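Only one structure is covered here, and it is reproduced in the block below.
Given the structure is predicted, the values throughout are model-derived calculations rather than measurements. Lettering of chains follows the sequences in order, A, B, ..., and the numbering in each one begins at 1.
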There are 2 protein chains.
Amino acid sequence: MTVTIKDLAEKVGVSVTTISRVLNNRGYLSNHLKERVQEAIVELNYQPNEIARSLSRKKSNIIGLIIPDISHPFFSELTKYIEYYAYEHGYKVLLCNSLLNRAKEKEYIDLLKASQVDGIIMGSQTISVEDFELINLPVITIDRKISDEIPYICSDNYEGGRVATQLLIGKECKKIAHISGNLQLNLLAKKRHEAFMEQVVQHGVEYVVVETDINGFDLKDYERLVHKLFNDHPDIDGVFASSDVIAMQVVNECHRLGFQIPNQVKIVGYDGIAQGYNRNYMISTIEQPIKEMGKIAVENLIKQILAKNPPAETILPIKLLERETT
Amino acid sequence: MTVTIKDLAEKVGVSVTTISRVLNNRGYLSNHLKERVQEAIVELNYQPNEIARSLSRKKSNIIGLIIPDISHPFFSELTKYIEYYAYEHGYKVLLCNSLLNRAKEKEYIDLLKASQVDGIIMGSQTISVEDFELINLPVITIDRKISDEIPYICSDNYEGGRVATQLLIGKECKKIAHISGNLQLNLLAKKRHEAFMEQVVQHGVEYVVVETDINGFDLKDYERLVHKLFNDHPDIDGVFASSDVIAMQVVNECHRLGFQIPNQVKIVGYDGIAQGYNRNYMISTIEQPIKEMGKIAVENLIKQILAKNPPAETILPIKLLERETT
DNA sequence: TTGTATGCGTTATCAG
DNA sequence: CTGATAACGCATACAA
């Protein structure tokens with residue numbers, strides 16, 4: 001039932017090659033011919049078959065996107081832009097949520113390879129470096145440096161950590177907590193932690209650090225973590241949270257405990273997602289240029305696909321958004 | 001460089017047909033043979049080519065997902081579950097954000113058809129019914145009834161609207177505002193508005209209704225809308241917002257104006273996304289069973305793909321979550 | 001400028 | 001139970 005270029009060819013009275021040519025606009029073709037083909041296309045309601053194209057060209061124009069969880073606002077916003085720019089460049093996006101499950105992440109990589117994607121953007125990264133290097137496909141990494149071969153994109157984590165911590169110190173916080181992402185994953189976000197440490201030590205400020213679980217981030221876990229933190233250290237008067245989602249939990253806990261923000265406790269988050277749909281409480285935060293990150297991720301991946309070398313490292317500037325929690 | 005079943009065949013010393021058989025586990029095959037093929041697979045590092053499979057089988061095992069905007073928490077959460085269940089059933093998900101742009105929505109439909117997706121889940125719906133019927137592919141619709149032919153899934157919008165409005169009336173609100181989604185789009189969410197109207201009229205409560213723009217939902221627009229609402233009607237003491245995102249804007253505006261919640265103004269939202277990552281303020285809301293919606297959307301689409309008739313209509317129950325804003 | 005023939009990697013239809 | 005061989009729909013080297 002499906003109409004193919006063969007049918008078009010018969011209809012117009014030329015060969016399939018010619019049809020293929022006008023479809024791809026290759027070589028010289030008379031306008032008359034073009035018109036007749038166009039007519040036949042609408043008449044027969046022809047739809048090109050990308051699968052056949054992909055097989056023949058050995059290029060699918062699909063990019064795979066592996067992230068931990070699309071429902072996390074940072075990733076949903078990043079994904080929005082990745083999809084947007086991919087589409088602009090003629091690429092489609094296959095979405096994979098690893099849920100930070102190492103096995104699932106590996107399965108997805110195989111799935112994407114089997115699906116002949118032209119490249120992968122990795123926002124999830126629990127697998128080992130060795131597994132990573134087996135991918136053998138154009139890859140761009142978000143927020144993790146795997147090796148010198150694989151280009152990565154991140155925001156200026158060190159500077160973000162420094163600015164956030166200095167903000168709290170500058171506001172005379174005496175005991176500052178840092179709620180960090182998991183440090184074993186060796187993400188570049190770890191630099192936020194490093195910067196935090198340097199600042200508090202340098203200024204002689206009392207501090208406490210807790211980190212989130214390695215096996216994924218569940219909101220309930222965040223809640224428990226924050227609850228325990230304030231339980232163990234009721235005298236905390238400053239918190240640097242490594243994401244806005246966590247910062248919001250801190251806000252909630254403070255509400256619950258009756259702590260005034262920012263009088264008694266000052267809070268600064270990270271990500272800047274509080275700009276999008278998820279803005280609600282005016283938390284102070286370090287804004288990552290999410291849109292830009294998505295754009296460059298796509299562009300650099302495509303460069304790689306086209307065998308032009310993209311920069312190995314892209315560090316984008318962050319911005320302090322000071323609002324009501326500091 | 002790519003290794004194909006042909007290479008496997010040579011290596012093992014059988015025909016490609018046989019290889020294909022063991023790969024697909026069809027017919028009788030000796031264990032010895034299976035083992036030898038398995039060995040060859042790891043030895044040659046064989047990766048199946050899904051594209052070739054798809055072309056041959058005329059089935060891609062890809063489903064297309066068109067939504068307005070993945071960064072909207074309702075859709076990101078829905079998408080999470082759609083992807084999850086699709087994967088469970090052996091399907092991949094191609095993500096498309098229409099941004100409520102009619103032209104883009106149509107382009108995406110063509111793109112998905114060209115990509116030979118096996119079916120489409122439509123969470124975005126600005127195109128006309130006629131365009132819709134041209135899709136000619138298995139489709140499941142979220143929250144919109146197109147025709148008797150196209151199965152749809154929604155939560156019990158009418159009941160949700162009723163419960164939300166009754167909650168406010170029961171708490172003695174004297175002037176209730178309803179911030180509705182756009183009513184021209186003719187979504188099933190319109191029933192929330194109908195239920196609201198019935199309730200306020202029936203109880204003789206003063207009311208005001210505003211609706212969001214048809215051309216997409218930008219947070220800034222929401223802000224302006226809410227701001228204007230309270231400017232025009234400073235005496236509002238109850239708000240039923242048609243999404244949690246909007247409800248949060250109302251919370252923000254009340255904070256700004258110094259209105260006490262829930263003493264002076266009571267607010268109830270819709271969606272229940274405030275359960276996931278996006279929970280922060282404890283807004284009272286009508287919870288939609290998002291996970292269930294995603295699950296059933298996938299299952300019913302697959303039924304359709306397999307030519308088993310799924311139910312034409314699936315209405316899932318909502319739940320009132322009463323928290324701090326009422 | 002246009003057409004013929006072959007390949008892309010896999011599945012499916014037949015004989016044997 | 002196994003193996004040629006023809007699809008699947010399109011692109012392209014090579015001819016004409």
Is R53(B) near enough to dT11(C) that one of its side-chain N or O atoms lies under 4.0 angstrom from OP1 or OP2? yes
Rounded distance in Å - CZ (R57(A)) to C1' (dC8(D)): 17 Å
To the nearest angstrom, the NZ-P distance between K113(A) and dG9(C) comes to 16 Å
Between S155(B) (side chain) and L316(B) (backbone), is there a donor-acceptor pair under 3.5 Å? no
Looking at K58(A), does any N or O in its side chain come under 4.0 Å of the phosphate oxygens OP1/OP2 on dG9(C)? yes
In K104(B), R102(B), E105(B), the residue satisfying side chain to side chain donor-acceptor pair (under 3.5 Å) with S124(B) is E105(B)
Quick one: is dA11(D) close enough that its OP1 or OP2 comes under 4.0 Å of any side-chain N or O from S56(A)? no
Calculate the interatomic distance between I5(B) atom CD1 and dC8(C) atom C1'; express it in whole Å. 12 Å
Categorize T17(A) for me: base, sugar-phosphate, or nothing, with a 4.0 angstrom heavy-atom threshold over every strand shown. base
Using the benzene-type ring in the case of Trp, are the ring centres of Y91(A) and Y85(A) under 6.0 Å apart? no
Touch class at under 4.0 angstrom, heavy-atom based, for T4(A) against every strand present: sugar-phosphate
For DNA chain C, whose closest nucleotide is more 5', that of N49(B) or that of R21(B)? N49(B)
Check whether any side-chain nitrogen or oxygen of T18(B) sits under 4.0 Å from OP1 or OP2 of dT2(D), and answer yes or no. no
Spacing of E50(A) atom CD relative to dC8(C) atom C1', expressed in whole Å: 15 Å
So, the side chain of S115(B) versus the backbone of L111(B): is there a donor-acceptor pair under 3.5 Å, distance only? yes
Interatomic distance, I51(A) CD1 vs dG9(D) C1' [rounded to whole Å]: 11 Å
Can you measure L55(A) atom CG to dA11(D) atom P for me and round it to whole angstrom units? 11 Å
Interatomic distance, I19(A) CD1 vs dT12(D) C1' [rounded to whole Å]: 16 Å
Whole angstrom value for the distance that separates P of dT11(C) from CD of Q116(B): 17 Å
Among side-chain atoms of S15(B) and T18(B), is any donor-acceptor pair under 3.5 angstrom? yes
